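A quick write-up on the structure given underneath.
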There are 2 protein chains.
Amino acid sequence: MLDQRKAFILATVVYEYVATAEPVGSVALTQKYNLGVSSATVRNEMAELEAAGYLVQPHTSAGRVPSDAGYRTYVDQLMRPETLPIDEQRHIRDEFREASRKLEEVIEDTTRLLGQLAKNVAFTVAPARDSQTFRHAQLIWLSERTGLAIIVTSLGVAAQRQFEHGAQIEADDLTRLSNVLNARLGGKTLRAIVALDLADIVREQGLPEELGHAVEAAFQSALRSDGAPLVSSSGAQHLLDQPEFQDLRKLRSILRIIEEQKSLYELVADSMASEGPAVKIGHELGSDEITECSIVTVPYGFGGEMVGVLAILGPRRMPYARLMALAAGTAESLNRHLADAEIR
Amino acid sequence: MLDQRKAFILATVVYEYVATAEPVGSVALTQKYNLGVSSATVRNEMAELEAAGYLVQPHTSAGRVPSDAGYRTYVDQLMRPETLPIDEQRHIRDEFREASRKLEEVIEDTTRLLGQLAKNVAFTVAPARDSQTFRHAQLIWLSERTGLAIIVTSLGVAAQRQFEHGAQIEADDLTRLSNVLNARLGGKTLRAIVALDLADIVREQGLPEELGHAVEAAFQSALRSDGAPLVSSSGAQHLLDQPEFQDLRKLRSILRIIEEQKSLYELVADSMASEGPAVKIGHELGSDEITECSIVTVPYGFGGEMVGVLAILGPRRMPYARLMALAAGTAESLNRHLADAEIR
DNA sequence: GCTGGCACTCCTAGTCTGTGACTGCTAAGT
DNA sequence: ACTTAGCAGTCACAGACTAGGAGTGCCAGC
């Protein structure tokens, strides 16, 4: 456990380093903050903090920089949680007011907004298709040969698929079948529905085999082929403003990760279970390529269930309190929006 | 007009510079390619090509580099058009075979594929919503209080919107209204429909005012609020591999453009009218910030109408013939896919 | 236990210099 | 009238070197 003075020094080092991106030395610290002791004392304390693993020295004649453990202690125990400034709260709310009603666009717009406000890379994990609850199926008679199947979940239209049907099918047949499907499947998840024998239901209704296949195909196409949920990202340009990514090699490996949806998903997949905003720092991310980064995550959802994750990725040297407040505020607006738009 | 020898030298300089990214000198050129004349002669020719504006010298003691005009001449007159290798053609076709049926996902997957194969930044302009032709409206009775409106265009579901209706509305009313809308509006563009007085049609049917508003709102939400079509991009990481973008400032300004959908759209908006692949080189792009880049574009669409653009953005020093073949091949597969998926 | 002083370390930025890759020009050859 | 060999001149680039400065650790005195 850290005594009060060490805690204060650690917190100040983190704060200063976040602000300046320069290793912070004992003299600069005593001059800038009112520590009540001399730089020599601070030096001694810093040496002990380094021995305890909270700080590291880039090289002998440089100041100190927080280690992963240092940031972790700062986030968990030392920093004062922030709340979002009123005008920013309003800004976010306004963005959502004119948000489109299509789920993908809402998610995408949210990502963009978060990236802008955070001045860092933002990314979002969209709701997994297979766990969405089925609300409605509508089979539409388009012409004598073709029909259209539309699958609606609580989050909106999940799939549409055109199919061919035999000439003997009439609009009424499709309406009837839609009603049967709605009655039988309502409230189940898509995953559960795909496991069922839908062709059998169609057969019961005395409708042709091929219509059964069409229905199955429609539900099937509602699931993403690769299973992993959609991830969208925004704000990669902000990385270039960070002194830690002036090195092209670092930048490249991080950009590669950002452009790969799967990698991003894996970084935050477990965060959906957390309550409220959470932080992963450096090595905690479990990937060698981005040990220089941290990620702030917050799950979102509605009706008591979390369906996706908002995330902010940046250098470890990030303003944690602010970004956590920002992520939380954005998630809250998103939650409200989703609840409003939910199809029951 | 260039005589044959000058043309050959220009073509060779472009070819060599594209391959090596180093300014090419007269000696290197004579050694590597069988020119049949000495380096001194080549020097004279190159000096004339420079005077004519086809080549430029980064500095006095360096080799030559093609100018915008040099590249333009190369693309228009000198290069031999390529065709896509068979295995790559097959690769593209296979990707489309397992492509999802949702328009946004098809476009997104195409972008990713194009970025990967081109090893450059790829981006796509999605079909503008307002020019899509209306195919079907389905008003669905969900509960005593709520309904769901779904708008289908030739490219699939364009919008869904939940609405509240008075308790006296029954499922049959909604079906009847859907049929009327389909009969009256079929084949019109969404833009034309939004200009109509839809509430009037609803009134004619003896249905309540609020239902009219719901229908109007549904069509309205099918259009993107800002009017500009959706642009998605992929492959920004490839920029880092290019020697011309090792400079962070250049990189930053280009990344910023790539992340702004509107800028990208403006760069290629006029390319939708072109037939087959086209190229814009350096200053031709009309933007000061990306004079170091070129863009290969190809429009895509179906049924004789072009609805969007595929584009590849990279350094001016790009393999034009190959990228044009690649863009054309990808567009062709996309066209076929869209035609198959079109809702009639 | 704190502080001022001091020797020591080591990064950084700036300057300088040699090297090599070009060019343009000239004069001679075909 | 072209072409070519030769040569002097230019200039970016990389490596070596240096001075400056920030910061540390340690020690002796308060």
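All values reported here derive from a predicted model rather than from experimental measurement. Naming: A, B, ... by sequence-line order, numbering from 1 per chain.
Between A/Arg43 and A/Glu48 no salt bridge is recorded (no basic side-chain N to carboxylate O distance below 4.0 Å). At a threshold of 4.0 Å, the pair A/Asp241-B/Arg252 counts as salt-bridged, since one of the basic side-chain nitrogens sits closer than that to a carboxylate oxygen.
B/Gln246 pairs by the side chain to side chain donor-acceptor pair (under 3.5 Å) definition with nothing, not counting sequence neighbours. A/Ser263 meets the side chain to side chain contact (heavy atoms under 4.5 Å, CB included) test with A/Ile257, A/Glu260; sequence neighbours excluded. Listed by chain and number, the residues in a side chain to side chain contact (heavy atoms under 4.5 Å, CB included) with A/Ser232 are A/Ile107, A/Glu108, A/Thr111, A/Thr124 (sequence neighbours excluded). By the side chain to side chain contact (heavy atoms under 4.5 Å, CB included) test, A/Ala47 is found to be paired with A/Arg64, residues two or more places apart in sequence or in another chain being considered.
Across A/Glu244, A/Glu16, A/Glu292, a single residue satisfies salt bridge (charged side-chain N to carboxylate O under 4.0 Å, His left out) together with A/Arg317, and that is A/Glu244.
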task = Treat primed atoms plus P, OP1 and OP2 as sugar-phosphate and everything else as base, then score nucleotides 23-30 of chain D 5' to 3': B for base contact with protein heavy atoms under 4.0 Å, S for sugar-phosphate contact only, - for none.
result = SBBB----

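Note that the first and last nucleotides of DNA chain C, 5' to 3', having any atom under 4.0 angstrom from a heavy atom of chain B are C/dA21 to C/dG24.
The separation between B/Gln246 atom CD and D/dC13 atom P is 13 Å, rounded to whole Å. Look at CG on B/Asp3: it is 15 Å from C1' on D/dA1, rounded to the nearest Å. The nearest whole Å value for the distance from the CD atom in A/Gln31 to the P atom in D/dA22 is 10 Å.
Residue whose closest nucleotide on DNA chain D sits further toward the 5' end, between B/Pro58 and B/Val37: B/Val37.
A donor-acceptor pair under 3.5 Å links the side-chain atoms of B/Asp68 to the main chain of B/His283, judged by distance alone.
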